[in-house]
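Encoded as structure tokens, the structure appears first; notes follow it.
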Amino acid sequence: MQHILTGVLSLSATLAVAKAPNVIYVFPDQMRNHAMGFWSEDGFRDSVNFTGDPVVTPNLNGFAKQAKVLTSCQSNFPLSSPHRGMLLTGMFSNNSGISTNCVANRPVSDLRDDAMCISDVFHNAGYNCAYIGKLHANHPTPNDPENPGHYVETQVPAWDAYTPPEKRHGFDYWYSYGTFDVHKHPHYWDTEGHRYDINQWSPEHETDKAIDYMTNKDNVRDPEKPFFMMVSYNPPHSPYRSTEDCPEEDYALYADKALSELYVRPNADTTMAKAPSIRYYFASVTGVDRQFGRILHALDSLGLADNTLVIFSSDHGETMCSQGTNDPKNSPYAESMNVPMLVRLPGKITPGIDTELIMSSPDIMPTILGIAGLADSIPAEIEGRDYSGRFLGTSNVTPLRKGALYIKNSDGNRDSLGNVISYFPVSRGIKTDRYTLALTIDKKTGKLKSSLLFDDVADPYQMNNLSLEKHKDIVSELCAEMVPLLKEADDPWYTQKILSEMIPY
Ligand code: CA
């Protein structure tokens, strides 16, 4: 009797796993929310107060009509590694291990080995887990598998990294690298640590690998199990200077357009030396759209589309001459923080636009797990919120935050070798449904050094930096709303009561 019961239980457990949805998370690096063509189409245009970029993205346009689309997904710390830390762990940058970009002389920034990442949860739930593309979440160490004791690159300090199996957090299929920006000559290390040098545009090559994984070429996964696959395209990402960086056929779509046709955001300074880069930026976006379309097509061909949760998002955005800044990211501007968030699961998620939910980077992990039916497995220590009920329409019990925290850290103290061993929390702020506020402190005095305050409803392109003095009521309200966000993030501004004369801790 015991045997029969055990057999029945294990059979039902197997069936439960078999019915669980596959999950594909696709995220290019530097793709702002505005750079998707559907925002200029009927049914979408009226949900946002910006003019969509004039980009050709037919696959995303079609996908958006089948998906739940957020207007306000915010990359809290709009820089590669910190965002990835929050995405993978469901924790803000103080607890993910990744307090700023990962580079060899910054050992302070490294994905926590002991964190229960989204991939650990899927692995423990019986999923095959695959990571394809850019990772940029590890402190580069001298661990070149083909040259032990050496870095995988000669650049000093090293940026690129090889990720050994013990740091892969449940991903049992690996085809990845740390960070590397030669877009048509990328390289990867596979599950066994073999290196491949490729002469192909990286998103196209990674899509080839993703489709191989989906079709289970070479039996790389257990076909009885569902799979969780992250596909991390580096483009769109600088450099944007020639057709060495993007597909020629996509560049051709923009090559003859005047800059005045391409720069539709009135906050862009088109006299900047890099202004012509926008042609390569948009070409990279169109190229990524084509590759994303290949993944969707493969899902259809394999009969997997109906039981696969597909998410399209990005690390952070790209300023591309907006605000006259040369920094494409790492700022509180909308072009930098506002990222795509499109989520499709046929029959479970009703397509439509959600303009109320302001999603933060750490919310993505628990929300995906919740949609996949693994809410009970969300680790207790995470700081993100599970908004799956909002996507599935089953319940909306998770309360919405008033806004998204804005975070910027810079290097803190260094050891005798010059290695960065702490971080300085230089800026914090909040993005609400109406305002953006960012406060920057002086490293020596800890006092307010500069501020940005925008009324994003009246001034969607953030062209008037409002005086804090003249808008005291608004500033007080926003500072009060920052307190629970800073507390939830276990942020040093909360624990050290930074700017306590302004922020009512
Ligand atoms: Ca990035």
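We count ligands from 1, going down the list as the structure has it; atoms in each ligand are counted the same way. Just so you know, these numbers use all the heavy atoms, side chains as well, and skip hydrogens, waters and symmetry mates.
- Using bins of under 30°, 30° to 60° and over 60° for the plane-to-plane angle, the ring pair Y131/F27 lands in the perpendicular bin.
- Side-chain contact between E318 and K329 is absent, with no heavy atoms from C-beta onward closer than 4.5 Å.
- Minimum-distance N/O/S atom of D29 relative to the Ca ion (ligand 1): OD1.
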Report the C-alpha separation of D181 and N234 in whole Å, then their side-chain angles, then the decisive distance to 0.1 Å, and conclude whether the side-chain contact (heavy atoms from CB on, under 4.5 Å) test is met.
CA-CA 8 Å; D181 296 330; N234 193 23; 2.8 Å; yes
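- Among heteroatoms of the N, O or S kind in D315, OD2 lies nearest the Ca ion (ligand 1).
- Below 30°, between 30° and 60°, or above 60°: for F292 and F63 the angle between ring planes is above 60°, a perpendicular geometry.
- For H136, every N, O or S atom stays at 3.0 Å or more from the Ca ion (ligand 1).
- At a cut-off of 3.0 Å, S80 coordinates the Ca ion (ligand 1) through an N, O or S atom.
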